A.B. asks: 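Next up is a structure, given as structure tokens.
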Amino acid sequence: KIENAEIDKIYRLSLSAQQLAVQQQRRAELLRKQGLLSQKESDTVHQTLLETEKTLARAQIDCENMLVKAPFDGVLGTYKTKDGAQVSVGTSLATFYNPETLLVEFAIPSQYIAKVHLGQLVTIQGQSLALKYVQQAIDEETRMCPASVEIFGASGSWVIGSSVEIKLTVEEKSNVLIIPRSAIFLRGGKDVVYVVGKDNIIEERSVLLGISDRERIEVTSGLSEKEVIVAIGQDRLYPGISVKMTKSSSSTADKKTASL
């Protein structure tokens, strides 16, 4: 409860005034029946009672607003404000949560939002969960679209406020050519890779790219399967230079399943 001496005082005075008005109303009814009170005087007493009841109702609402009620059944956590401290509207008083039903909030890059729909499966810590909410509007600051997944019966296995890794597959292809993302670099506004050609001579190759994940990216044109490419250290090489190949340092393009 939030204590407010002024609101408590108004409520007590309003309650006393209403109780007094009820007594006057009862007395007026007796006098009216005995013919000792005019109709006009009786109406005045009744009007006074109505006014005091209105004032009392407003005071009761103000008092109820001072009560801090839990919005749902759950657990009361850490207190944010000490007893006796002064607060204002919007002040955080305490944490309150329901460990049985949790919400994982994240954001989806705007370029993928057209491929995402409600009910789509999301993998979180090995659990497959249905996408509950996705905003079909881009946040102007982040250029992302907020989304969330609801987890039921999560008590004891999740820590509220912690970060978790989310896997949401928006596109998947089979039998495609994929290479490490680190092998791609820009040259003249184009995506290129270094290929180890004949006699171990470095060649620069322009490629067209498809879908990707954190580590791998699809090559749709410009590279063939089993060609040897340079995955790291391109800044120390240039086209025409001869390199020495070792098994541990070589990287080949390969056909696999790619997902984004």
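Fair warning: this is a prediction, and the values are worked out from it, not measured in the lab.
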A.B. asks: When you compare the side chain of Val196 with that of Val243, does any pair of heavy atoms fall below 4.5 Å?
C.D. replies: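 The answer is yes, as the side chains (C-beta and beyond) meet within the 4.5 Å cut-off.
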A.B. asks: Which heavy atom in Leu76 sits nearest to a heavy atom in Ala94, and how many Å separate them?
C.D. replies: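 Leu76 and Ala94 have their closest heavy atoms at CD1-CB, 3.9 Å.
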A.B. asks: State, without any angle test, whether Gln39 and Asp43 hold a side-chain donor-acceptor pair at a distance under 3.5 Å.
C.D. replies: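 Looking only at side-chain atoms, Asp43 and Gln39 do form a donor-acceptor pair, the distance falling under 3.5 Å.
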A.B. asks: Is Arg181 salt-bridged to Glu215, going by a charged N under 4.0 Å from an acidic O?
C.D. replies: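 The answer is no: the pair does not qualify as a salt bridge.
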A.B. asks: Identify whether Leu103 and Val134 are in the same connected component of the hydrophobic contact network (ILVMFWY, side-chain heavy atoms under 4.5 Å).
C.D. replies: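 Unlinked, Leu103 and Val134 end up in two clusters.
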A.B. asks: Say you draw a straight line from CD of Glu218 to CG of Asp213; how long is it, rounded to the nearest 0.5 Å?
C.D. replies: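 Going from CD on Glu218 over to CG on Asp213, the span is 11.0 Å.
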A.B. asks: Find out whether Thr169 and Thr123 are in side-chain contact, i.e. whether some heavy atom of one side chain is under 4.5 Å from a heavy atom of the other.
C.D. replies: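 Result no, sub-4.5 Å side-chain heavy-atom pair not found.
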A.B. asks: Are Val228 and Ile232 connected into the same hydrophobic cluster when the rule is that any two of I, L, V, M, F, W, Y join if their side-chain heavy atoms are below 4.5 Å apart?
C.D. replies: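 No, Ile232 does not connect to Val228 through the hydrophobic network.
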A.B. asks: How close do Leu129 and Glu150 get, counting heavy atoms only, and between which atoms?
C.D. replies: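 That closest heavy-atom pairing would be CD2-O, 4.4 Å.
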A.B. asks: If you measure only the distance, is there a donor-acceptor pair under 3.5 Å linking the side chains of Gln60 and Glu64?
C.D. replies: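 No - no donor-acceptor pair under 3.5 Å links their side chains.
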A.B. asks: Compare every heavy atom of Cys63 with every heavy atom of Asp8, then report the nearest pair and how far apart it is.
C.D. replies: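 Smallest interatomic distance, heavy atoms only, reads OD1-SG, 4.3 Å.
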A.B. asks: What distance do Tyr79 atom OH and Thr95 atom OG1 have between them, rounded to the nearest 0.5 Å?
C.D. replies: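 Here the interatomic distance stands at 9.5 Å.
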A.B. asks: Using a distance-only test with no angle check, is there a side-chain donor-acceptor pair under 3.5 angstrom linking Ser38 and Glu41?
C.D. replies: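 Per modelled atom types, Ser38 and Glu41 side chains form a pair under 3.5 Å.
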A.B. asks: Which atom pair, heavy atoms only, marks the closest approach of Leu223 to Val193?
C.D. replies: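 Distance-wise, the nearest heavy atoms are CD1-CG2, 4.5 Å.
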A.B. asks: Is a donor from one side chain sitting under 3.5 angstrom from an acceptor on the other, for Gln23 and Gln19?
C.D. replies: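 Judged by distance alone, the side chains do not pair up.
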A.B. asks: Are the side chains of Tyr11 and Leu56 in touch, meaning some heavy atoms are under 4.5 Å apart?
C.D. replies: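 Yes, close enough: below the 4.5 Å cut-off.
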A.B. asks: Verify the cluster assignment for Ile211 and Leu208: are they in a single hydrophobic cluster under the rule of side-chain heavy atoms below 4.5 Å apart?
C.D. replies: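 No, it is not one cluster - the side chains of Ile211 and Leu208 are not joined through contacts under 4.5 Å.
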A.B. asks: Under 6.0 Å between ring centres: does that hold for Tyr194 and Tyr238?
C.D. replies: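 They do not qualify: ring centres at least 6.0 Å apart.
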A.B. asks: With a 4.5 Å heavy-atom cut-off, do Met144 and Ile138 have their side chains touching?
C.D. replies: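 Of all side-chain heavy-atom pairs linking Ile138 with Met144, none is under 4.5 Å.
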A.B. asks: In terms of hydrophobic clusters joined by side-chain contacts under 4.5 Å, are Val116 and Leu118 together?
C.D. replies: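 Result: yes, single cluster for both.
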